[in-house]
Amino acid sequence: MTKLKNDRFLRALLRQPVDVTPMWMMRQAGRYLPEYREVRAKAGDFMTLCQTPELACEVTLQPLDRFDLDAAILFSDILTIPDAMGLGLYFSEGEGPKFKRPVRHAEDIAALGIPDPEDDLGYVMDAVRLIRKELDGRVPLIGFAGSPWTLATYVVEGGSSRDFAHTKRLMFDRPELMHQLLDILASSVTHYLNAQILAGAQAVMVFDTWGGALTPRDYREFSLRYMSEIVNNLEREHDGAKVPVILFTKNGGQWLEAMATSGCDALGIDWTTDLADARQRVGGQVALQGNMDPSILYASASRIEQEVDTILSSYGAGSGLVFNLGHGIHQHIEPEKVTVLVEAVHRLSPPYHQ
């Protein structure tokens, strides 16, 4: 087992002392980087990039070669699980992901199987193993999956949606069928994340992209309930080290107290929630990750530094914060602005850890 040279990300998630506030970015390996675009063009299409471990490893490491980040995140996609279920995932230019075979009826749900992580999704595990080898202890590797509710919205709608008409119709008219679907997806996510942990992921994150589209009642029943089940069935220790779990519900700031009782180690928050308020509300139960508006990176270097200072001050002294964007970095951000962000976090945060 290679010893980590930089473990401040893991320490912050476990609310242990750190020297500076660690940071990484959602979508840090992505289209804003010219080197990513080159590899993406070489792959030919997005899924080939995801399904080729050597290429997935290359783009995972690209941002670490440019920026002094404190964690790497596996390059993959949240829709690998439904793709492995045989639902016919494809990507239309300018329209995002789509499925040839949406899941909307009892017989569709009954036909779903739980993918075998090392067989049906073996390319992901091969990528995790290769990335860990290439990282050589440089920083920790984050694995991830979509939440059951978020995956359900894609497979029921047959792709992206603004109003989730098919999904909410199924949820309201046939809640027993929706729960059946969510049970299958929760089991699939649990097996998938556990396999990533065994392959070498040192922390895992559940992305609940569309939980914020639910009412408080429905969020607890159809989203948080299943994320909590996943957390409680994950391998929380591997190779003698704890494996922290992060939950992130976009637009979910109103439910932080409920999320903090899930058993997770940290909550991701977006920029619509005040960081000081979030810290007070969770009361030290969990660490926090966030929460800069990605659009700040369109601004000047001085404005970026000002925002970093504001966020660090809002959280205040002590460990338990992982600096991140409140959602993924935008594709038209200049990489130089990310350099400003990373350097500002590391330069301005030490006084909060003395």
Side-chain angles (χ1 to χ4, degrees), residues 7 9-16 22 26 71 73-74 78 81 114 117 140-152 179 182-199 201-212 214 216-270 273 275 278-291 318-322 324:
D7 67 348
F9 166 72
L10 298 178
R11 294 179 64 84
L13 290 179
L14 298 172
R15 290 169 288 134
Q16 298 171 354
M26 287 185 272
I73 184 166
L74 165 70
I78 64 170
I81 287 175
I114 297 172
L141 174 63
I142 307 165
F144 72 92
S147 73
W149 168 255
T150 291
L151 297 181
H179 281 302
L182 292 168
D183 273 328
I184 293 168
L185 291 170
S187 294
S188 299
V189 170
T190 301
H191 289 303
Y192 183 54
L193 289 178
N194 277 335
Q196 290 185 36
I197 291 167
L198 292 175
Q202 292 149 294
V204 292
M205 182 165 172
V206 179
F207 285 88
D208 186 31
T209 309
W210 298 122
L214 293 165
R217 173 201 64 208
D218 295 326
Y219 175 74
R220 286 169 170 81
E221 180 176 353
F222 294 98
S223 183
L224 183 57
R225 165 182 167 181
Y226 291 95
M227 290 195 291
S228 298
E229 286 183 11
I230 291 166
V231 170
N232 291 325
N233 287 291
L234 287 179
E235 298 286 342
R236 303 297 289 273
E237 188 171 322
H238 184 59
D239 281 341
K242 291 184 178 180
V243 180
V245 180
I246 309 163
L247 298 187
F248 173 62
T249 295
K250 185 184 177 187
N251 296 322
Q254 64 269 46
W255 304 312
L256 293 180
E257 292 90 344
M259 295 174 71
T261 66
S262 66
C264 69
D265 298 287
L267 297 177
I269 59 174
D270 62 28
T273 298
L275 194 57
R279 187 179 190 185
Q280 188 274 328
R281 287 166 57 195
V282 300
Q285 286 180 275
V286 293
L288 296 174
Q289 178 176 276
N291 66 334
S319 191
L321 173 65
V322 172
N324 207 311

A.B. asks: Rounded to the nearest 0.5 Å, how far does CG of L13 lie from CE of M205?
C.D. replies: 10.0 Å
A.B. asks: If you round to the nearest 0.5 Å, how far is CG of D183 from OG of S188?
C.D. replies: 10.5 Å
A.B. asks: Could you work out, with side chain to side chain donor-acceptor pair (under 3.5 Å) as the rule, every residue matching D7, not counting sequence neighbours?
C.D. replies: none
A.B. asks: With sequence neighbours excluded, what pairs up with Q289 under the side chain to side chain donor-acceptor pair (under 3.5 Å) test?
C.D. replies: W24
A.B. asks: If you take all heavy atoms of V286 and C264, which pair is closest and at what distance?
C.D. replies: CG1-O, 3.5 Å
A.B. asks: Quick one: does R220's side chain get under 4.5 Å of L214's, heavy atoms only?
C.D. replies: no
A.B. asks: Does the side chain of E235 reach to within under 4.5 Å of the side chain of V243, using non-hydrogen atoms?
C.D. replies: no
A.B. asks: If I compare all heavy atoms of L185 with all of A152, which pair ends up nearest, and what's the gap?
C.D. replies: CD1-N, 3.7 Å
A.B. asks: What are the two closest heavy atoms between G253 and T273, and how far apart are they?
C.D. replies: CA-OG1, 3.2 Å
A.B. asks: Who are the salt bridge (charged side-chain N to carboxylate O under 4.0 Å, His left out) partners of R281, not counting sequence neighbours?
C.D. replies: E257, D277
A.B. asks: For G212 versus T249, what's the shortest heavy-atom pair and its separation?
C.D. replies: N-CG2, 3.8 Å
A.B. asks: Are L275 and L321 close enough, and set up right, to give a side chain to side chain contact (heavy atoms under 4.5 Å, CB included), and what steps lead you there?
C.D. replies: CA-CA 10 Å; L275 194 57; L321 173 65; 4.1 Å; yes
A.B. asks: Which value, rounded to the nearest 0.5 Å, describes the distance between F248 atom CZ and I269 atom CD1?
C.D. replies: 9.5 Å
A.B. asks: Quick one, L193 and V206 - any side-chain contact, counting heavy atoms below 4.5 Å?
C.D. replies: yes
A.B. asks: What pairs with L198 under side-chain contact (heavy atoms from CB on, under 4.5 Å), at least two apart in sequence or on another chain?
C.D. replies: H238
A.B. asks: Atom CG in D218, atom OG in S223: separation rounded to 0.5 Å?
C.D. replies: 10.5 Å
A.B. asks: What pair of heavy atoms forms the shortest contact from A12 to A287, and how long is it?
C.D. replies: O-CB, 3.5 Å
A.B. asks: Checking the side chain of N324 only, and the main-chain atoms of M26 only, is there a donor and an acceptor separated by less than 3.5 Å?
C.D. replies: yes
A.B. asks: Donor-acceptor pairs are to be reported for all side-chain atoms of residues 140-151 against protein atoms at under 3.5 Å, with residues two or more places apart or in another chain.
C.D. replies:
residue	atom	partner	partner atom	Å
S147	OG	T150	N	3.1
S147	OG	T150	OG1	3.1
S147	OG	D208	OD1	2.6
W149	NE1	W210	O	3.0
T150	OG1	D208	OD1	3.2
T150	OG1	T209	N	2.9
T150	OG1	W210	N	3.1

A.B. asks: Measure the CG-OG1 distance between L256 and T261 for me, rounded to the nearest 0.5 Å.
C.D. replies: 11.0 Å
A.B. asks: Would M227 and L224 satisfy side chain to side chain contact (heavy atoms under 4.5 Å, CB included), going step by step from the backbone distance to the final call?
C.D. replies: CA-CA 5 Å; M227 290 195 291; L224 183 57; 4.3 Å; yes
A.B. asks: Return the set of residues passing ring pair (Phe, Tyr, Trp, His ring centres under 6.0 Å) with Y226 (not counting sequence neighbours), or none when no residue passes.
C.D. replies: H179
A.B. asks: Between Y219 and Q254, is there a side-chain heavy-atom distance shorter than 4.5 Å?
C.D. replies: no
A.B. asks: Out of the candidates L234, V231, I230, only one should pair with V204 under the side-chain contact (heavy atoms from CB on, under 4.5 Å) rule; please name it.
C.D. replies: L234
A.B. asks: Hey, is the main chain of I184 close enough, under 3.5 Å, to the side chain of S187 for a donor-acceptor pair?
C.D. replies: no
A.B. asks: May I ask you to test the R236-D265 pair for a side-chain heavy-atom distance under 4.5 Å?
C.D. replies: yes
A.B. asks: Looking only at non-hydrogen atoms, find the nearest pair between D270 and N291 and report the distance.
C.D. replies: O-ND2, 3.3 Å
A.B. asks: How long is the gap from CD1 on I114 to NE2 on H191, to the nearest 0.5 Å?
C.D. replies: 5.0 Å
